[in-house]
Enquirer: 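Starting off with a structure, shown below.
Everything numeric here is computed off the predicted structure, so don't read it as measured data. Throughout, numbering of the chain's residues begins at 1 and tracks the sequence.
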Amino acid sequence: METITLDQKKIKRKEHKRVTGSEAILQALVIENIKTVFGYPGGAIMPLYDKLMDFDDKLHHILTRHEQGAVHAAQGFARVSGEVGVCFATSGPGAANLLTGIADAFMDSTPLVCFTGQVFSHLLGSDAFQETDVVGVSMPVTKWNFQITRANEIAEAVAKAFYIARSGRPGPVLLDITKDAMVGEVDFHYKKCDKIRSYIPLPVTKDLYIQQAVELIDNAKKPFVLFGQGVTLGLAELELIAFLEKTGIPAASTLLGLSALPNDHELYTGMLGMHGNAAPNIKTNEADLIIGIGMRFDDRVTGKVTEYAPNAKKIHFEIDKAEVNKIIKVDVKVLGNVKHTLAEVTTKVSQNSHKEWRNSFKKIDQSEQKRVIKKELFPEIGKITMGEVMQKLNIVSEGEAVIVTDVGQHQMIASRYYNFKNKRSNITSGGLGTMGFGLPAAMGAKIAAPDRKVVSISGDGGFQMTLQELGTIAHNKIPVKMIILNNSYLGMVRQWQELFFDKRYASTAMTSPDFVKLADSYGIKGECISDRDNLQEAVQRMWDSDQPYLLEIKVKTKGNVFPMIPAGCAVDQVVFGDEN
């Protein structure tokens with residue numbers, strides 16, 4: 001048996017500092033290189049906030065005006081930086097208010113670690129004041145969650161949380177911590193986690209499937225690449241470009257894939273989906289090979305599944321095997337991080353150009369330009385259009401902005417018409433489609449990227465869902481540029497009512513406050529315009545400002561977003577909006 005001397009005991013005591021559970025959490029965040037936390041205090045999490053004051057030099061806490069604002073800000077921070085976003089909330093309503101953002105992060109593979117306070121452990125299950133079973137409620141929308149009831153569980157749980165959130169396919173993790181765990185003492189020793197038994201974040205890539213993919217690519221006459229956010233999450237932007245330029249294959253982006261490939265790249269054909277560009281949607285059903293890269297074939301991309309790409313073999317590059325064959329059956333699955341799998345395929349495929357196939361997209365592009373795009377971007381009469389605003393923003397920003405959108409017509413217009421130049425420049429709510437996402441996510445994005453200009457684009461409806469975060473922006477002097485495209489309607493719902501519900505506009509007309517006065521009450525500069533003669537100068541003033549700035553633009557009241565693939569239709573059944 002080993003004998004431990006008195007000196008060794010003294011050394012061992014120095015290695016393990018006695019701290020409270022709250023201090024253990026904060027020290028763990030510092031070790032994980034977290035510098036910014038978003039949150040809102042309350043009774044159950046008060047011990048953690050008390051100790052947070054002792055970490056002012058290490059952790060920057062942003063007090064949002066609502067817990068939903070905190071989690072969306074953490075999302076924006078994570079999406080721009082590529083790091084894990086962190087937020088705090090108290091028990092009961094505080095934790096419940098995080099759930100929308102957690103579900104949003106789960107759908108869009110955003111790495112978060114969310115800490116919620118909880119009542120004392122002896123009160124669990126007693127319906128104590130502000131007690132909610134947040135672990136049970138959040139289970140379907142978290143990658144992992146865990147309730148900590150003892151201080152000695154904290155170090156291991158936090159280490160696991162960060163490892164799970166950022167590894168493999170990223171996602172949100174929630175740690176629910178009882179009050180006694182926060183105030184209890186523990187010998188703190190923290191070790192970063194790098195593996196968990198039975199958790200395999202990176203699947204095995206089989207050489208056979210690599211070779212099968214190479215053969216299909218080399219033999220295809222009309223191959224088409226559909227890429228998604230997996231390219232960004234896998235840090236594979238350069239690998240995507242190398243693959244496309246060697247093979248000459250045209251490529252289109254999902255909504256979340258935007259900005260992984262510059263819009264002006266010669267092989268980029270536009271955005272897929274219900275309100276995407278006509279050519280990539282129509283050509284999907286003419287292709288003889290579909291190559292899905294870091295995307296999940298969701299319903300907005302596939303349309304009617306039984307009529308999706310009927311002439312094509314299909315290859316799926318994917319990190320999450322649960323997504324393979326979930327919606328679209330594929331011929332070859334290439335599992336793994338696309339940064340590695342795509343690079344391996346690129347070394348083995350033949351050089352090609354596919355010029356004739358690529359040129360076939362141009363006729364459809366020209367038709368869309370004439371029937372939709374010219375009218376949207378360069379209207380000669382009538383009220384300002386949303387697309388017109390994006391065109392002016394393109395001029396002043398030269399594609400350099402980080403665009404953070406809310407959800408609705410403005411989201412589709414921004415996605416269609418902003419000329420993305422740099423990676424991690426498109427921040428939006430994709431899978432969940434969360435109205436209210438835009439403004440707080442833009443705050444987080446700007447804090448993550450202080451040297452980049454961040455533009456929040458919202459409708460009048462979505463902006464009002466989280467407009468209280470103007471207080472956070474003002475208090476912290478976050479120089480976010482805010483564009484509100486005000487059409488006095490819940491625009492996307494109204495469009496569907498016009499097209500599919502006999503123009504019965506039930507509960508979609510919207511009365512809004514004076515947004516400029518509201519901003520001014522927070523000390524934020526702003527202006528409202530409705531005349532296109534003032535549009536260019538107003539967008540320029542917003543862009544040039546080094547302070548928070550709100551620009552409200554009164555746009556066409558009943559404008560629609562076209563082209564459109566109606567729900568239940570095949571992807572080549574594109575409606576241009578000028579048929580009648």
Enquirer: Please answer whether the main-chain N or O of Gly257 pairs with a side-chain N or O of Thr254 as donor and acceptor at a distance below 3.5 Å.
Expert: yes
Enquirer: Under 3.5 Å, is there a donor on one side chain and an acceptor on the other for Asp406 and Gln411?
Expert: no
Enquirer: Between the side chain of Ser259 and the main-chain N/O of Ser425, is any donor-acceptor distance below 3.5 Å?
Expert: yes
Enquirer: Can you spot which of His316, Arg296, Arg169 makes a side-chain hydrogen bond (donor to acceptor under 3.5 Å, both in side chains) with Glu323?
Expert: Arg169
Enquirer: Go through the steps to decide whether Glu307 and Asn285 satisfy the test side chain to side chain donor-acceptor pair (under 3.5 Å), and finish with yes or no.
Expert: CA-CA 8 Å; Glu307 296 180 20; Asn285 276 13; over 6 Å; no
Enquirer: Donor-acceptor check, side chain of Asp514 to backbone of Val516, threshold 3.5 angstrom: yes or no?
Expert: yes
Enquirer: Answer yes or no: is there a side-chain heavy-atom contact under 4.5 Å between Ile102 and Cys114?
Expert: yes
Enquirer: Regarding Ser545 and Lys525, do their side chains bring together a donor and an acceptor under 3.5 Å, going by distance alone?
Expert: no
Enquirer: Taking the six-membered ring for Trp and the single ring otherwise, decide whether the centroids of His475 and Tyr522 are under 6.0 Å apart.
Expert: no
Enquirer: State whether the number of non-hydrogen atoms from other residues, nucleotides or ligands found under 6.0 Å of Lys326 atom NZ is greater than 12.
Expert: yes
Enquirer: Are any side-chain N or O atoms of His275 and backbone N or O atoms of Val561, one a donor and one an acceptor, separated by less than 3.5 Å?
Expert: yes
Enquirer: Looking only at the side chains, is there a donor atom on one of Tyr549 and Glu527 sitting less than 3.5 Å from an acceptor on the other?
Expert: yes
Enquirer: What are the two closest non-hydrogen atoms of Gly94 and Ala89, and how far apart are they?
Expert: O-CB, 3.6 Å
Enquirer: For the residue pair Asn486 and Glu552, confirm or rule out a side-chain donor-acceptor distance under 3.5 Å.
Expert: yes
Enquirer: Strictly distance-based, threshold 3.5 Å: is any side-chain N or O of Lys314 a donor or acceptor partner for the main-chain N or O of Ala312?
Expert: yes
Enquirer: Should Lys421 and Glu400 count as an ion pair when the cut-off is N to O under 4.0 Å?
Expert: yes
Enquirer: Could you check whether any side-chain heavy atom of Leu63 comes within less than 4.5 Å of a side-chain heavy atom of Arg65, counting everything from C-beta outward?
Expert: yes
Enquirer: Do Gln540 and Asp544 get their side chains close enough for a donor-acceptor pair, meaning under 3.5 Å?
Expert: yes
Enquirer: How close do Ala309 and Ile290 get, heavy atom to heavy atom, and via which atoms?
Expert: CB-CG1, 3.9 Å
Enquirer: In terms of side-chain heavy atoms, does Ser488 have a donor or acceptor partner in Thr557 at a distance below 3.5 Å?
Expert: no
Enquirer: Around Phe576, counting heavy atoms of other residues, nucleotides and ligands shown, do more than 12 lie under 6.0 Å from its CZ?
Expert: yes
Enquirer: Return the minimal non-hydrogen interatomic distance between Ser360 and Lys283, and the atom names on each side.
Expert: OG-NZ, 3.1 Å
Enquirer: Is it the case that atom NE2 in His265 sees more than 12 heavy atoms from other parts of the structure closer than 6.0 Å?
Expert: yes
Enquirer: Taking Pro223's backbone N and O only, do any of them form a donor-acceptor pair with Trp357's side chain (distance below 3.5 Å, no angle check)?
Expert: yes
Enquirer: Between Ala401 and Tyr418, what is the shortest heavy-atom contact and its length?
Expert: N-OH, 3.1 Å
Enquirer: I'd like to know if the side chain of Gln229 pairs up with that of Thr232 as donor and acceptor (distance under 3.5 Å, no hydrogens or angles considered).
Expert: no
Enquirer: Less than 4.5 Å apart, any side-chain heavy atom of Leu551 and any of Lys481?
Expert: no
Enquirer: Would you say Gln464 and Ser512 are linked by a side-chain donor-acceptor pair, where the criterion is simply a distance under 3.5 Å?
Expert: yes
Enquirer: Indicate yes or no for a side-chain donor-acceptor contact from Thr466 to the backbone of Gly436 under 3.5 Å, with no hydrogens or angles considered.
Expert: yes
Enquirer: What verdict does the salt bridge (charged side-chain N to carboxylate O under 4.0 Å, His left out) test give for Arg416 and Glu376, after you've listed the backbone C-alpha separation in whole Å, the side-chain angles of each residue and the deciding distance to 0.1 Å?
Expert: CA-CA 11 Å; Arg416 282 178 53 83; Glu376 181 66 36; over 6 Å; no
Enquirer: Report yes if some heavy atom in the side chain of Ile484 is under 4.5 Å from a heavy atom in the side chain of Ile553; otherwise report no.
Expert: no
Enquirer: Looking at Arg300, I'd like to know if its CZ atom is crowded, meaning that more than 12 non-hydrogen atoms belonging to other residues, nucleotides or ligands lie closer than 6.0 Å.
Expert: no
Enquirer: Is any side-chain heavy atom of Phe437 less than 4.5 Å from a side-chain heavy atom of Gln75?
Expert: yes
Enquirer: Got a donor-acceptor contact below 3.5 angstrom from the Asn277 side chain to the Met271 backbone?
Expert: yes
Enquirer: State, to 0.1 Å, how close Ala252 and Pro280 come at their nearest heavy-atom pair, and which atoms those are.
Expert: CB-CB, 3.6 Å
Enquirer: Applying salt bridge (Lys or Arg N to Asp or Glu O under 4.0 Å), can you list everything that pairs with Glu388, at least two apart in sequence or on another chain?
Expert: Arg532
Enquirer: Can you tell me if NZ on Lys246 sees more than 12 non-hydrogen neighbours from other groups inside 6.0 Å?
Expert: yes
Enquirer: Under 3.5 Å, side chain of Asn281 to main-chain N/O of Ile565, donor-acceptor pair present?
Expert: no
Enquirer: Looking at Arg541 and Glu537, is there a salt bridge between them, counting it only when a charged N and a carboxylate O are closer than 4.0 Å?
Expert: no
Enquirer: Are Thr64 and Glu469 linked by a side-chain donor-acceptor pair shorter than 3.5 Å?
Expert: no
Enquirer: Please tell me whether Phe463 and Phe515 form a close aromatic pair, meaning their ring centres lie under 6.0 Å apart.
Expert: yes
Enquirer: When you check the side-chain N and O atoms of Arg494 and Asn487, is any donor under 3.5 Å from an acceptor?
Expert: no
Enquirer: Looking at Arg424 and Arg452, what are the two nearest heavy atoms and their distance?
Expert: O-NH1, 3.3 Å
Enquirer: When you measure from the side chain of Asp104 to the backbone of Leu432, do you find a donor-acceptor pair of N or O atoms at a distance under 3.5 Å?
Expert: no
Enquirer: Assess the pair Phe224 and Phe361: is the distance between their ring centroids shorter than 6.0 Å?
Expert: yes
Enquirer: Strictly below 4.0 Å, N to O, side chains only: are Glu239 and Lys339 in salt-bridge contact?
Expert: yes
